[in-house]
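Shown next, in structure tokens, is the structure this report addresses.
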Amino acid sequence: MAMARQVLLLQLVLTATLLDTLAPTCANVEGDALFTLRRAVRDPKNVLQSWDPTLVDPCTWFHVTCDADNRVTRLDLGNAQLRGRLVPELGKLERLQYLELYMNNLVGPIPEEIGELKSLVSLDLYHNNLTGSIPASLSKLSNLKFMRLNSNRLTGRIPRQLTKLQSIKIFDVSNNDLCGTIPTTGSFSKFTEESFRNNSRLEGPELMGFVRYDTGGCK
């Protein structure tokens, strides 16, 4: 009987030790991911000054919000005058719900890895200088309600896969350089032309049976 109690006690100690080990590991991965973003941008207003990579987790950093498990759930860096690029490492923030990087001077493409943020509710990258195409991987964001990519320099087609986003309420890609036709099926059936305005190469709503989605000459 005493031996059984000792074995049970040992199991409880090992389990507690394992949990204590895993939590900092996740936090360190997320801290490393965010610090990679810090290194990729210029920060003239020093809004990232508190981002110290030597801390156990990033939950004490300004503009970062965490849950009870010390996992990052919000990144609030709108209108922070950041200059630079988004980094693929952002895709490691597994519990991130709000990615707010609007009204900065971010350049380059939207990383495909953003599509790995399965908890994401809001993706706000509007009013930057982002280029390249809209990643089709964003169609994996099943919890996404708000996608605002307007007022950038995005090119290419609107991925038809995005029409599978059942939770989406606001979709705005206006004021870019997108081309092709506007998907009108699935969740896109509820969006007005305001969501797509000022894309001079967009040919208008896709008319099933009349306008082919895959017309050439769109890059």
Side-chain angles (χ1 to χ4, degrees), residues 33 37 40-41 63 73-93 96-206 213 218-219:
L37 175 64
V41 298
H63 312 290
T73 57
R74 290 187 67 113
L75 185 58
D76 290 294
L77 287 167
N79 198 21
Q81 296 185 19
L82 300 178
R83 298 173 177 270
R85 292 176 174 266
L86 298 174
V87 294
E89 286 80 2
L90 289 173
K92 296 179 181 179
L93 305 176
L96 191 69
Q97 297 177 28
Y98 296 87
L99 182 56
E100 308 296 323
L101 285 164
Y102 55 87
M103 295 179 70
N104 285 289
N105 190 17
L106 299 174
V107 299
I110 300 172
E112 292 185 6
E113 289 80 2
I114 299 295
E116 300 302 319
L117 301 175
K118 302 299 175 57
S119 300
L120 202 64
V121 173
S122 178
L123 176 61
D124 281 327
L125 301 177
Y126 59 89
H127 285 283
N128 279 287
N129 284 298
L130 297 170
T131 55
S133 59
I134 300 172
S137 62
L138 300 184
S139 65
K140 296 188 291 183
L141 302 175
S142 58
N143 291 304
L144 195 69
K145 294 182 178 179
F146 312 103
M147 185 190 298
R148 287 175 277 237
L149 307 177
N150 51 293
S151 300
N152 280 285
R153 297 165 56 199
L154 298 171
T155 56
R157 304 181 189 281
I158 300 170
R160 183 178 277 182
Q161 296 94 319
L162 296 182
T163 62
K164 299 177 182 178
L165 292 172
Q166 297 301 316
S167 299
I168 195 81
K169 295 182 181 299
I170 295 178
F171 178 83
D172 192 348
V173 292
S174 61
N175 297 295
N176 279 288
D177 189 27
L178 300 172
C179 58
T181 53
I182 299 172
T184 56
T185 59
S187 58
F188 273 50
S189 62
K190 59 190 174 186
F191 300 131
T192 68
E193 291 191 17
E194 286 296 304
S195 296
F196 311 96
R197 63 186 174 83
N198 293 336
N199 284 278
S200 61
R201 297 193 297 148
L202 272 181
E203 299 174 5
E206 180 180 350
Y213 180 78
C218 175
K219 294 182 180 179

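FYI, side chains are in, hydrogens and waters are out, and symmetry mates aren't considered; it's all heavy atoms of this structure.
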Would you say that [X] contacts [Y] through its side chain, given a criterion of any heavy-atom pair below 4.5 Å between the two side chains?
| X | Y | result |
| --- | --- | --- |
| Leu37 | Leu90 | yes |
| Ile110 | Pro135 | yes |
| Val121 | Tyr98 | yes |
| Ile134 | Leu178 | yes |
| Thr155 | Asn176 | no |
| Ile168 | Phe191 | yes |
| Ile158 | Pro183 | yes |
| Leu154 | Val173 | no |

Calculate, to the nearest 0.5 Å, the distance between atoms [atom1] and [atom2] belonging to [X] and [Y] respectively.
| X | Y | atom1 | atom2 | result |
| --- | --- | --- | --- | --- |
| Ser151 | Leu125 | OG | CG | 12.0 Å |
| Leu123 | Leu101 | CG | CG | 8.5 Å |
| Leu120 | Ser142 | CG | OG | 10.5 Å |
| Leu99 | Leu93 | CG | CG | 8.0 Å |
| Arg160 | Thr181 | CZ | OG1 | 7.0 Å |
| Asn152 | Leu106 | CG | CG | 8.5 Å |

Residues pairing under disulfide bond (SG atoms under 2.5 Å apart) where one sits in residues 157-201, two or more places apart or in two chains, turn out to be Cys179-Cys218
So the disulfide bond (SG atoms under 2.5 Å apart) pairs with at least one residue in residues 99-177 (sequence neighbours excluded) are none
Across all chains, not counting sequence neighbours, the side chain to side chain contact (heavy atoms under 4.5 Å, CB included) partners of Asn198 are Asn175
Residues at least two apart in sequence or cross-chain that pass side chain to side chain contact (heavy atoms under 4.5 Å, CB included) with Ala136, listed by chain then number, are Pro159, Gln161
So, for [X] and [Y], which heavy atoms are closest and what is the spacing to 0.1 Å?
| X | Y | value |
| --- | --- | --- |
| Arg148 | Ile170 | NH1-CD1, 3.7 Å |
| Asn104 | Leu77 | ND2-O, 2.9 Å |
| Pro111 | Pro88 | CB-CA, 4.0 Å |
| Asn128 | Asn105 | OD1-N, 3.4 Å |

Residues 133-163 vs ring-ring contact (aromatic ring centres under 6.0 Å, His included), sequence neighbours excluded, gives none
Among all residues two or more places apart in sequence or in another chain, which pass the salt bridge (charged side-chain N to carboxylate O under 4.0 Å, His left out) test with [X]?
| X | value |
| --- | --- |
| Arg197 | Glu194 |
| Asp172 | none |
| Glu100 | none |
| Lys92 | none |

Side chain to side chain donor-acceptor pair (under 3.5 Å) pairs touching residues 77-87, sequence neighbours excluded, are none
May I ask you to decide if Thr163's main-chain N or O and Ser187's side chain share a donor-acceptor pair within less than 3.5 Å?
yes
Practice item. Using modelled atom types only, decide if a donor and an acceptor are shared between the side chain of Arg201 and the backbone of Lys219 within a distance under 3.5 Å. Key: yes
Report the C-alpha separation of Leu162 and Ser139 in whole Å, then their side-chain angles, then the decisive distance to 0.1 Å, and conclude whether the side chain to side chain contact (heavy atoms under 4.5 Å, CB included) test is met. CA-CA 5 Å; Leu162 296 182; Ser139 65; 4.1 Å; yes
Here the salt bridge (Lys or Arg N to Asp or Glu O under 4.0 Å) pairs for residues 110-122, sequence neighbours left out, are Glu116-Lys140
Is the count of non-hydrogen atoms from other residues, nucleotides or ligands lying under 6.0 Å from Lys190 atom NZ greater than 12? yes
Across all chains, not counting sequence neighbours, the ring pair (Phe, Tyr, Trp, His ring centres under 6.0 Å) partners of Tyr126 are Tyr102
Before giving the answer on salt bridge (Lys or Arg N to Asp or Glu O under 4.0 Å), spell out for Asp177 and Arg153 the whole-Å C-alpha distance, their side-chain angles and the decisive distance to 0.1 Å. CA-CA 6 Å; Asp177 189 27; Arg153 297 165 56 199; over 6 Å; no
